[in-house]
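Chain identifiers are assigned alphabetically (A, B, ...) following the order of the sequence lines, protein sequences preceding nucleic acid strands; residue numbering begins at 1 within each chain. Values reported hereafter were calculated over all heavy atoms of this structure, with side chains retained and with hydrogens, waters and symmetry mates removed. None of the values given here were measured: they were computed from a predicted structure.
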Amino acid sequence: MPELPEVEVSCRGIAPHLEGKTITQVEVRNPSLRWPVPEEVQLLEGQTVLAVKRRAKYLLLETKAGTAILHLGMSGRLRVIDASEVAEKHDHVQIHLDSGKMLRLTDPRRFGAFLWGADAPLSHPLLQKLGPEPLTEDFDGERLYQLSRGRRSAVKTFIMDNHIVVGVGNIYANEALFASGISPKTAAGKISKARYQRLTEEIKRVLAKAIQQGGTTLKDFTQSDGKPGYFVQELQVYGKGGEPCPVCESPLKEIKLGQRSTVYCAQCQR
DNA sequence: AAAGACACCTGTCCGC
DNA sequence: TGCGGACAGGTGTCTT
């Protein structure tokens, strides 16, 4: 489900329901997520949520006692719902609030995480080595150009590397490369600075547009109010292997790069 | 250091 | 209708 836009949409959706509210109960129905949910998350009980933030694809629920660090993995979803709603099989964690609502984490595949950061959450081992946020000035064409010198891996794999830039997942990597006219197979180290500047612009444009559209709903992603994301209507290539290129109408190719499905136009992307 | 494979887990879809 | 296999939005970890 979630790439950066979907996480950002979730963050914006849940924040108004959480900030300033006090947590009355932390209900861990199944602690077997990607890592076991630590006991410390019980420290949330009685705490007031000071802020809800996002770093890369992690969501941070900040309180005076510490910060809950959430990741949605491949199939995670967050909803703010009435506390009386009956939990089902994949509803693993529920954070009850003094407003009578609760935050529910649903995650069928359990690749998601619910962790704890006692002090500065950004110093958590999982967050420490992350690259810059794509929608800030810290991410620019110069950075991609410099870090890519000497790299032989495919440019698509390169921009999906969290050490280089965070938040570019499989959907938006495919889309940004198509928009930039760059073949996903090209060695990262062989791309010019000018083309990296273009790629940077397209990554920012695609991500910002997707956030504006409420994310991309492929199967089960919904915004925190249950509505789907509408960026799916904007997809140019992702999931469209074999279909005509929206620009030149030659059939889109679908290959594997780094075990991820990769769609591109051999005519438009060089 | 960098590149690539693999692991985690469940649900869904497709072909036979 | 049932069954096996491939595949899915991520990413830490291990092996070359």
- Find the partner of C/dA8: check Watson-Crick (N1-N3 plus N6-O4 or O6-N4) and G-U wobble (N1-O2, O6-N3) distances, both under 3.5 Å, and reply none if neither fits.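 In the structure as shown, C/dA8 has B/dT10 as its Watson-Crick or wobble partner.
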- Task: Could you check which nucleotide pairs with B/dC16 in any of the strands shown, counting Watson-Crick or G-U wobble with both distances under 3.5 Å?
- Result: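 Answer to the pairing question: C/dG2, which forms a Watson-Crick or G-U pair with B/dC16.
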- Message: Taking the P atom in each of C/dG9 and B/dA3, what is the distance between them to the nearest angstrom?
- Response: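 Their P atoms lie roughly 22 Å apart.
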- Query: Does the B/dC9 base have a donor-acceptor partner in the side chain of A/Arg109 within less than 3.5 Å?
  - Reply: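 Yes.
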d([atom1], [X]; [atom2], [N]) in whole Å:
X        : N      : atom1 : atom2 : value
A/Gln259 : B/dA3  : CD    : C1'   : 11 Å
A/Ile171 : C/dG10 : CD1   : P     : 7 Å
A/Lys89  : B/dT12 : NZ    : C1'   : 13 Å
A/Met74  : C/dG9  : CE    : P     : 5 Å
A/Asp161 : B/dA3  : CG    : P     : 9 Å
A/His92  : B/dC9  : NE2   : P     : 12 Å
A/Arg77  : C/dG10 : CZ    : C1'   : 17 Å
A/Leu33  : B/dC9  : CG    : C1'   : 11 Å

- Query: Quick one: which of B/dT10, C/dG10, B/dC6 gets closest to the side chain of A/Glu3?
  - Reply: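 In terms of side-chain proximity for A/Glu3, the closest of B/dT10, C/dG10, B/dC6 is C/dG10.
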- Message: What's the closest nucleotide to the side chain of A/Phe111 if the choices are B/dT10, B/dC9, B/dA5?
- Response: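 The closest nucleotide is B/dC9.
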- Message: Could you tell me if the side chain of A/Gln267 sits less than 4.5 Å from the side chain of A/Cys245, heavy atoms only?
- Response: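 No; the side chains remain at least 4.5 Å from each other.
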- Message: Taking the side chain as everything from C-beta on, heavy atoms only, tell me whether A/Ile191 gets closer than 4.5 Å to A/Leu144.
- Response: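 Not in contact.
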- Between A/Tyr264 and A/Lys156, does any side-chain donor sit less than 3.5 Å from a side-chain acceptor?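 No donor-acceptor contact under 3.5 Å links the two side chains.
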- Query: Do the side-chain N and O atoms of A/Asn162 and A/Lys129 include a donor-acceptor pair separated by under 3.5 angstrom?
  - Reply: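 The criterion, which ignores hydrogens and geometry beyond distance, is not satisfied for A/Lys129 and A/Asn162.
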- Query: Under the 4.5 Å side-chain heavy-atom rule for ILVMFWY, direct or indirect, which residues accompany A/Val263?
  - Reply: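 Noted: A/Val263 shares its cluster with A/Phe178, A/Val237, A/Val247, A/Leu252.
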- Task: Could you list who else is in A/Leu60's hydrophobic cluster, with ILVMFWY side chains joined at under 4.5 Å, directly or through other members?
- Result: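 When side chains under 4.5 Å apart are linked, the cluster holding A/Leu60 also contains A/Trp35, A/Tyr58, A/Ile69, A/Leu115, A/Leu122, A/Leu126, A/Leu127, A/Leu130, A/Val166.
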- Protein-proximity profile, nucleotides 11-16 of chain C, B/S/- by nucleotide at the 4.0 Å heavy-atom cutoff, equals BB----
- Message: Just to be sure I understand the rule, does A/Lys256 reach a base, reach only the sugar-phosphate, or reach nothing, if contact means heavy atoms closer than 4.0 Å?
- Response: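 Here A/Lys256 touches the backbone only, sparing every base.
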- Query: Checking all strands, does A/Thr157 fall into the base, sugar-phosphate, or nothing category for heavy-atom contacts under 4.0 angstrom?
  - Reply: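 Since no nucleic acid heavy atom lies under 4.0 Å of A/Thr157, the category is nothing.
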- Item | Side-chain N,O (A/Ser75) to OP1/OP2 (B/dT10) below 4.0 Å |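 Checking A/Ser75 against B/dT10: no side-chain N or O falls below 4.0 Å of OP1 or OP2.
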- Message: Can you work out whether A/Gly258 or A/Leu147 has the more 5'-proximal nearest nucleotide on DNA chain B?
- Response: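 So the residue in question is A/Leu147.
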- Looking at the rings of A/Tyr238 and A/Phe231, which for Trp means the six-membered one, are their centres under 6.0 Å apart?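 No, the ring of A/Tyr238 stays outside the 6.0 Å limit from the ring of A/Phe231, centre to centre.
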- Query: Between A/Arg205 and A/Glu201, does at least one N-O distance fall below 4.0 Å, as a salt bridge requires?
  - Reply: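 No, no charged N to carboxylate O under 4.0 Å.
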